[in-house]
Protein chains: 2
Amino acid sequence: MAGWEEIRAEVLARIRSRAWPLGALIPGEAALAQEFGVARATVNRALSELARAGVLERKRKAGTRVAALPVRKATLDIPVIRAEVEARGEVYGLRLLRLEIGRPPVPVVARLGQDLGEMVHVQTLHLASGRGFVVEDRWLNRSVVPDPIPDFGAVSVNEWLVAHVSYASGDISFSADAADGWEAEALGVAAGAAVFVTERCTWAPEHPITWVRLVHAPGYRLSTLL
Amino acid sequence: MAGWEEIRAEVLARIRSRAWPLGALIPGEAALAQEFGVARATVNRALSELARAGVLERKRKAGTRVAALPVRKATLDIPVIRAEVEARGEVYGLRLLRLEIGRPPVPVVARLGQDLGEMVHVQTLHLASGRGFVVEDRWLNRSVVPDPIPDFGAVSVNEWLVAHVSYASGDISFSADAADGWEAEALGVAAGAAVFVTERCTWAPEHPITWVRLVHAPGYRLSTLL
DNA sequence: AAGTGGTCTAGACCACGCA
DNA sequence: GCGTGGTCTAGACCACTTC
């Protein structure tokens with residue numbers, strides 16, 4: 001018994017075999033290190049990984065226990081749309097549908113957490129081999145966009161942001177919705193069709209950067225390994 | 001400059017400020033350790049975290065470079081449904097709609113990767129404060145279910161599995177779909193309404209355990225911090 | 001062959017959170 | 001307080017990859 005991965009496996013095995021039941025306190029790092037004949041840091045690495053995966057819950061002083069109701073954690077990759085299209089072996093295309101300056105609707109202001117007044121509104125259509133793949137509806141903080149405004153018909157806003165604007169945090173959510181009139185038209189599907197929607201909001205340390213809603217063509221799947 | 005989090009922040013700042021441009025090779029761990037006045041292990045921890053987040057790409061011998069097309073990684077929590085309902089402050093309820101033994105349809109067999117012959121088919125409805133919350137359609141490997149079959153009207157299959165069956169791996173995917181006839185009826189919505197669908201497949205090291213499709217009531221959102 | 005990141009060790013100090 | 005996990009160090013060896 002040597003590497004942290006072997007130790008992680010052994011600990012997992014004890015949990016799966018109910019040698020360490022759900023909710024139970026397991027021995028401390030020092031004890032396990034001695035039992036396995038490794039340094040405490042190695043045990044720490046193994047247990048930390050399991051905690052990150054949601055299998056264990058660790059607290060200073062309280063010790064480490066097996067999670068009672070294991071909350072599985074899955075890691076999602078959120079690629080740039082162009083990369084996603086190309087990964088499918090299709091040809092990426094981009095069409096700028098609308099670019100204007102105006103005040104965002106109330107729900108968008110609410111999500112951003114503050115009213116920035118006028119913002120840059122961009123609507124684009126991402127194409128995979130000529131077919132509509134994703135419709136993007138985005139509001140951008142004017143202060144992050146230079147004057148003149150970059151050509152968002154050549155480089156998608158997302159890719160431009162990644163390369164030119166630093167940011168700190170954000171959130172993302174997924175839902176199902178019925179395709180809106182113009183969204184359905186852009187994607188070439190019937191209005192009201194069930195579509196997968198991604199909504200993202202990002203902030204720089206001190207101010208909002210952008211809010212975006214991505215409507216994916218029917219059949220879209222987001223998947224990952226558990 | 002001391003902790004790995006500070007070093008991570010400093011490295012991030014250099015990337016965001018384009019001092020280290022996208023795709024560029026950054027100094028080795030040893031050099032950074034000297035510059036920051038810390039041990040190499042500390043730099044390693046900081047860079048490893050950034051690599052896990054998709055900001056850096058690391059390869060032995062080749063060195064560490066800034067990811068050219070940053071793939072954001074988001075971590076999703078996949079809770080047990082009961083916990084999800086209770087976290088909303090609602091009362092959880094469970095109703096067993098169907099329990100039978102039979103052969104799964106072809107798409108399910110395909111997903112599982114092998115034909116197990118007859119399987120246990122369970123359909124349940126999860127309720128939040130009496131309203132339909134999730135419809136579950138599940139096929140279980142007969143060999144993981146004891147005889148007699150547990151009371152899946154009292155404890156959901158998922159919770160029973162968590163507590164009684166060890167497993168190794170699986171995958172999960174999310175999509176949008178139009179609600180099917182019986183699903184719509186169970187949820188109390190119009191047939192064809194846009195619903196959020198979670199599909200999960202899990203395997204023990206050597207054999208499939210279960211395939212499940214969860215249809216969430218309209219309005220369901222899956223969200224996380226980036 | 002050589003350079004880079006990945007891991008391990010033995011020891012140490014510290015922060016947190018219970019009592 | 002005091003026990004636990006979280007982190008840092010200095011040094012070492014190893015695995016992988018490119019040259």
Interatomic distance where CZ belongs to A:Arg52 and P belongs to D:dG5 [whole Å]: 18 Å

Write down the distance between CD1 (B:Ile7) and P (D:dC8), rounded to a whole number of angstrom. 7 Å

Going by an N to O cut-off under 4.0 Å, is there a salt bridge joining A:Glu90 and A:Arg82? no

Kindly say if A:Thr64 contacts the phosphate of D:dT4, meaning a side-chain N or O under 4.0 Å from OP1 or OP2. no

Whole-Å distance between D:dT4 C1' and A:Glu57 CD? 16 Å

To the nearest angstrom, the CD-C1' distance between B:Glu5 and D:dC8 comes to 13 Å

With a 4.0 Å cutoff (strictly under), does any side-chain N or O of A:Arg40 reach OP1 or OP2 of C:dG11? no

Whole angstroms only, please: what is the CG-C1' distance between A:Leu32 and C:dT9? 17 Å

If the cut-off is 4.0 Å, is B:Arg45 near the phosphate of D:dT7, judged by side-chain N/O to OP1 or OP2? yes

Note: B:Glu29-B:Arg40 ion pair, threshold 4.0 Å (strictly below): yes

In this structure, how many angstroms lie between the P atom of D:dT9 and the CH2 atom of B:Trp4, rounded? 14 Å

Quick one: is C:dG5 close enough that its OP1 or OP2 comes under 4.0 Å of any side-chain N or O from B:Asn44? no

Specify the separation, in whole Å, of atom CD of B:Gln34 and atom P of D:dG11. 13 Å

Is the phosphate of C:dT7 approached by A:Thr42 (side-chain N or O, under 4.0 Å from OP1 or OP2)? no

Report which part of the nucleic acid A:Ala62 touches: base, sugar-phosphate, or nothing (heavy-atom distance under 4.0 Å, all strands). nothing

Report the residues that fulfil ring-ring contact (aromatic ring centres under 6.0 Å, His included) with A:Trp4, sequence neighbours left out, ordered by chain and then residue number. none

Should the pair A:Glu84-A:Arg88 be classified as a salt bridge under the 4.0 Å nitrogen-to-oxygen rule? no

For the pair made of CG in A:Leu47 and P in D:dG6, what is the distance, rounded to whole Å? 9 Å

Which nucleotide in the list D:dG6, C:dG17, D:dC16 gets nearest to the side chain of A:Lys61? C:dG17

Looking only at side-chain atoms of A:Ala39, point me to the closest of C:dA10, D:dA15, D:dG5. C:dA10

With salt bridge (charged side-chain N to carboxylate O under 4.0 Å, His left out) as the test, would you mind laying out the steps for A:Glu10 and A:Arg14 before giving the verdict? CA-CA 6 Å; A:Glu10 170 62 20; A:Arg14 292 189 186 181; 2.7 Å; yes

